[in-house]
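Accompanying notes for the structure given below.
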Amino acid sequence: MGIRFILMVNKQGQTRLAQYYEWLTLEERRALEGEIVRKCLARTEQQCSFVEHRNYKIVYRRYASLFFLVGVDNDENELAILEFIHLLVETMDRHFGNVCELDIMFHLEKAHFMLEEMVMNGCVVETSKSNILAPIQLMDKTS
Amino acid sequence: MALSGMRGLSVFISDIRNCPNKDQERLRVDKELGNIRTRFKNEKGLTPYEKKKYVWKMLYIYMLGYDVDFGHMEAVSLISAPKYPEKQVGYIVTSSLLNENHDFLRLAINTVRNDIIGRNETFQCLALTMVGNIGGREFAESLAADVQKLLISSSCRPLVRKKAALCLLRLYRKNPDVVNIDGWVDRMAQLLDERDIGVLTSSMSLLVALVSNNHEAYWSCLPKCVKVLERLARNQDIPQEYTYYGIPSPWLQVKAMRALQYFPTIEDPNCRRSLFEVLQRILMGTDVVKNVNKNNAAHAVLFEALALVMHLDAEKEMMSQCVALLGKFIAVREPNIRYLGLENMTRMLMVTDVQDSIKRHQAQIITSLKDPDISIRRRALDLLYGMCDISNAKDIVEELLQYLSTADFAMREELSLKAAILAEKFAPDLSWYVDVILQLIDKAGDFVSDDIWFRVVQFVTNNEDLQPYAAAKAREYLDKPAIHETMVKVSAYLLGEFSHLLARRPGCSPKEIFIIIHEKLPTVSTSTIPILLSTYAKILMHTQPPDPELQNQIWAIFNKYESCIDAEIQQRAVEYFALSRKGAAVMDILAEMPKFPERQSALIKKAEVAEVDSADQSAIKLRAQQQTSNALVVTDQHSANGPPPTVPAVGPLTLVKVPSTSGNAEHTSEGQALTQPNGTLTKIDPQTPSEDLLGDLLGPLAIEGPPGAAVQPQQNAVSEVGGVPSAVDGAAIVPVGEYSNSVQPIGNINERFYALCLKDSGVLYEDPYIQIGIKAEWRAQHGHLVLFLGNKNTSPLDSVQALVLPPAHLKMELSLVPETIPPRAQVQCPLEVLNLRPSRDVAVLDFSYKFGECEASPSSSSEQISSAYISVCRRVLSSMEISFRPPLKLQEVVRGVRPLPLAEMANLFNSFRLMICPGLDPNPNNLVASTTFYSESTRAMLCLIRIETDPADRTQLRMTVASGDPMLTFELKEFMKEQLVSIPTAPHGPTAPPTPPVAQVAQPTSPVKALTDPGAMLAAEWSFEDFGLVTRKKSVNGSFLVLVMDGQSLASFRPNNKAEPNK
């Protein structure tokens, strides 16, 4: 399976984007987001980027006010996921130009499109930024 | 930028953002939901743009955590919109809002299919992505073929094919049948020739899923993976877009190495060489660099390479290189690397024999246990737990205990559980174990589950030497001002049972003990009070001569609790009060608790359960499994090489795919082939089961010759053993008996075996290196046996394998036997037995181990589990109105019986738990015995045996056996006959001369004869009158009740045990 979910959460713990690759009910999602956000946001810079939660792991990375949290299976390569987060951020940067929380908030659909190009069914599907952004650029051009 | 966005959506989002609190937010959301609902009601007025906008709002609201229980239809309907923007929203929102079983999805299946097979590749991508994310079984069945076509189509562009690969992965997981392995293998291999990195990345994920289920089928993909890896490692033909901080797609590198970990080994030497070149380059060439991202990406690859090296069991040098690297990692400042270093070291423990080099880093690991980061502390704890063995248990457990007082609450429970398990598993002596657990309770009482203190009580109760020590320790803890309630429980219990052993020590008189325990009573909860009451009752009983003052005090307490609202406390108070007035009889009732049956530690069970992970079967687990199968093959190689060469502990294993059973079959047949002068330790079941009853596993030998031939006098055994392989399949394995330097068993295995038929515990087998003891407990048809494997030496025994081959009538489950027995340690392996039906076959224990570096001495030994013995259980039994007819009752005149005084015969019967009922037969030359036989098929079944002896000729007797089951009757009769015809040299017959081996040869023929001798099976009507019982037992109402006591202890009579026929 690999990636179970990707969350973007701000410093206040508000979810800015949530994409799940396994079905959870709304209550389960709420509980899970609450628990892991509490766990991860309390950590300091000196601590590692991996948090064990239930029977899986959270790999997370902080960019200014925004946390990127990725839930992965226990045997997933943690550093590869950590850099995958950075790749996602770089891709957003390329599109939005110095991406910030508001970009993701107000262009939820675009953030979704990008994720959709990068991850599918919990697996990495594309890592080339220009390939990821191609459909979005196409759409921007046509509209 | 993004001006095409939806204004309404932006307004709504900023409204939400401006909400000062959650209530306001909810109001705003509710308002919006109401709005959307009304708009959706008259759908006709909606433009596609509006529809799209509302659907996005729904998704946003859903993401905020509010339930959106309408509008799903609208989202799904957008899928069939003709234009891309609407269609896209339809697909994305549908896959976020709905789960795979949603009814609406079914409605969309046709539209989705049309998009997939259509010409528009952007539509294809959308459809494939949605199916890949939420497609269920139905999608799998209707779309798999189309998706496969797209994936291999040469006219499709990579952007479609990469999605098709992951879509197929989803469909395959939903229904593995959609991928036809035969047809797909070649295509999968072709896919790996792909140049496009995107397609390769997703194809590699697909491969991992396929290979993890069936690596054999995808063998041909292995070299291709290596090629991909080489291409990346050499940076050949990798577009700039796919290099990440100068590293060619680290994700694909990781995936490719992951796929390789699902293949058990790499046989092709060229392939292996090129892979190792790549790995070596990664191991050596990864340096720490300034740029965080580059550093991370490089280390992601490095850690995966480490995992692959471990999996491949590379050459010694490379392995030690890995350990060295990991040792470096766990000491660096970078927390991520430290974490991963510890994690991978733990994995390394699991798969390879590098414990010793890991132990060198123990100090560093203990430092990590105090790291400020809980993630790292957890890893360190796991690693310490994994690397703990008898040599370092004391250090590690004490370190854990010390850490316990400062550890954060999130970790205390895990810590205390692990410390308790390690203390139990590796205790150098039991007093240390008691110390550890008491400290544990003292320091972290809240986190010490009941299981932990129950276990201490079990140990102390079962080990007399330990009792005074434990009691004294418990007494010490009671002096502390504030102690945890669990400590009150355990010390009260221990002192109640054993404080009289301390009586002479200062401060340990019954009165003082009582006072100090009673001080704690006001502080404890109702669940502890009953334990205290029992303790008081026991103290009272142990106070001899009675101390009237103490007595009055305790009676006053009992009196006080007689009206307690808690039923348990009340009952105990009332009963103890009444009992303690009974005087001397109390001594029996309140006597020390009997020993507990040996059982698997509840803690270890608990830990095992906790480890169950719901995730897919991961590579690491598969690796672990493969590792064990390797071990099996190693042993076989030893045997094939005759006198074992110097085999390094971890040899380069060329994995021969010998199914593990073939190795076992060999042992089995040896197990049949009686003994060995040179230590093969095989041994025949002395009762020689009649051939029709032989289990499948025991087959080969039965074919080899007449049943009698199998049993040879010991002197001839060599040739017999040598002849065995012909009966085994052509696995080219020379029996272990060929060893020239094998070990000699100590003592006669046969005798040990016979002795064990008559008692519940004893030594089953012993040689200079190992002693195998056995202890059995029976409760109805369930048996709980424990094998005690004791290493008698100062170096560990490796490659320990134990396999129980049960006959058809027994269901046996041997818990995991550790691969290594530490020096001078004893390992307990519980063995659960369920008796299914009557039979006399015995189980065989196939046991082997390796001692030291050079000496492999597999041995096997058969283990007696005589079914009659098993099943016959001492118990009060009752029966009624049974009239036995032919198959249920058998009578036979047995000749050639070993002459034996009647009293001794009675003894023998009793030791088989066939309880002699004296006085039931008026004739003093006859014996009547009864028992209850338990098995799954018969349940509890009464069996009666009568032996009529002839005082003039003690070598013959008439035996009558009856029970409610014909098979049982027959088996029991045969069993008894065997026992009587040749009474083994058992401790019971001190006067009997040792039985010469020849005597056994005659044995197997008797059952055969019995089978064919119809005259032996007399068909006479038979009822209890035959036993002369009725006259004594006839009850008033005409039905009669036979109550046969077990002849031993009336005291063990317990009303709830009695199956009273209420007729």
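Note on naming: letters A, B, ... go to the chains in the order of the sequence lines (proteins, then strands), and numbering restarts at 1 for each one. Quick caveat: nothing in here was measured; it's all calculated off a predicted structure.
- Within the 4.5 angstrom heavy-atom criterion, no atom of A/Tyr20 approaches chain B.
- No other option in B/Lys163, B/Arg378, B/Glu100 has as many heavy-atom pairs under 4.5 Å with chain A as B/Lys163.
- Nearest heavy atoms, A/Ile58 versus A/Cys40: CG2-SG, 4.0 Å.
- Between the side chains of A/His112 and A/Glu116, no donor N or O sits under 3.5 Å from an acceptor N or O.
- Between chain A and the options B/Pro158, B/Ser202, B/Gly132, heavy-atom pairs under 4.5 Å are most frequent for B/Gly132.
- Under the 6.0 Å distance and 45° angle rule, B/Lys87 counts as a cation-pi partner of B/Phe123.
- Looking only at heavy-atom pairs under 4.5 Å with chain B, the residue among A/Glu27, A/Arg61, A/Arg54, A/Gln14 that has the most is A/Arg61.
- Contacts of B/Tyr66 with chain A are made by backbone atoms alone, with heavy-atom separations under 4.5 Å and no side-chain atom involved.
- A/Phe5 and A/Tyr56 have perpendicular rings, their planes meeting at more than 60° on a 0 to 90° scale where under 30° would count as parallel.
- With B/Lys255 contributing its side chain and B/Val208 its backbone, the two residues share no donor-acceptor pair below 3.5 Å.
- The heavy-atom pair separating B/Asn336 from A/Ser49 by the smallest distance is OD1-N, 2.6 Å.
- Comparing B/Thr122, B/Ile376, B/Leu340 by how many heavy-atom pairs each has under 4.5 Å with chain A, the most go to B/Leu340.
- Summarising the geometry of B/Ala209 relative to B/Arg173, their closest heavy-atom pair is CB-NH2, 4.0 Å, with the distance given to 0.1 Å.
- Between A/His107 and A/Phe96, the ring-plane angle classifies as tilted under the 30° and 60° cut-offs.
- For chain A, the nearby part of B/Gln88 is the side chain; its heavy atoms alone come within less than 4.5 Å.
- Ranked by non-hydrogen atom pairs under 4.5 Å with chain B, the options A/Cys48, A/Ala134, A/Ala80 are led by A/Cys48.
- Looking at B/Ser249, the atoms closer than 4.5 Å to chain A (heavy atoms on both sides) all sit in the side chain, from C-beta outward.
- Contacts between B/Leu59 and chain A at a heavy-atom distance below 4.5 Å involve the side chain alone, from C-beta outward.
- When every heavy atom of B/Thr346 is checked against every heavy atom of B/Arg379, the shortest pair comes out as OG1-O, 4.3 Å.
- Contact tally against chain A (heavy-atom pairs below 4.5 Å) for B/Val301, B/Asn296, B/Asn293, B/Thr201: the top residue is B/Asn293.
- Looking at B/Gln240, neither its backbone nor its side chain comes within 4.5 Å of chain A, counting heavy atoms on both sides.
- Comparing B/Ile13, B/Asn133, B/Leu166 by heavy-atom pairs within less than 4.5 Å of chain A, the highest count is held by B/Leu166.
- Residue contact with chain A, scored on non-hydrogen atoms closer than 4.5 Å, involves the backbone and the side chain of B/Ser14 alike.
- By the 30° and 60° cut-offs, the orientation of the rings of B/Phe329 relative to B/His299 is perpendicular.
- Neither the backbone nor the side chain of B/Cys125 comes within less than 4.5 Å of any heavy atom of chain A.
- Interface check for chain B: of the options A/Arg43, A/Lys129, A/Gln46, the most heavy-atom pairs under 4.5 Å are formed by A/Arg43.
- Each of B/Val68, B/Asn99, B/Asp67, B/Ile92 has some count of heavy-atom pairs under 4.5 Å with chain A, and the biggest count is that of B/Asn99.
- In this structure, chain A has a heavy atom under 4.5 Å from the backbone of B/Leu97, while its side chain stays farther away.
- For B/Leu159, no part lies under 4.5 angstrom from a heavy atom of chain A.
- Minimum interatomic distance between A/Glu117 and A/Val125 (heavy atoms only, all atoms of both residues): O-CG1, 3.0 Å.
- A/His86 and B/Tyr245 are linked by a side-chain donor-acceptor pair at a separation below 3.5 angstrom, with hydrogens and angles left out of the test.
- If you measure heavy-atom distances from A/Ile136 to chain B, you find no contacts under 4.5 Å at all.
- In summary, B/Glu343 and B/Arg347 engage in a salt bridge, as defined by a charged side-chain N under 4.0 Å from a carboxylate O.
- Of the listed residues (A/Ala18, A/Ser130, A/Pro135), the one with the most heavy-atom contacts under 4.5 Å to chain B is A/Ser130.
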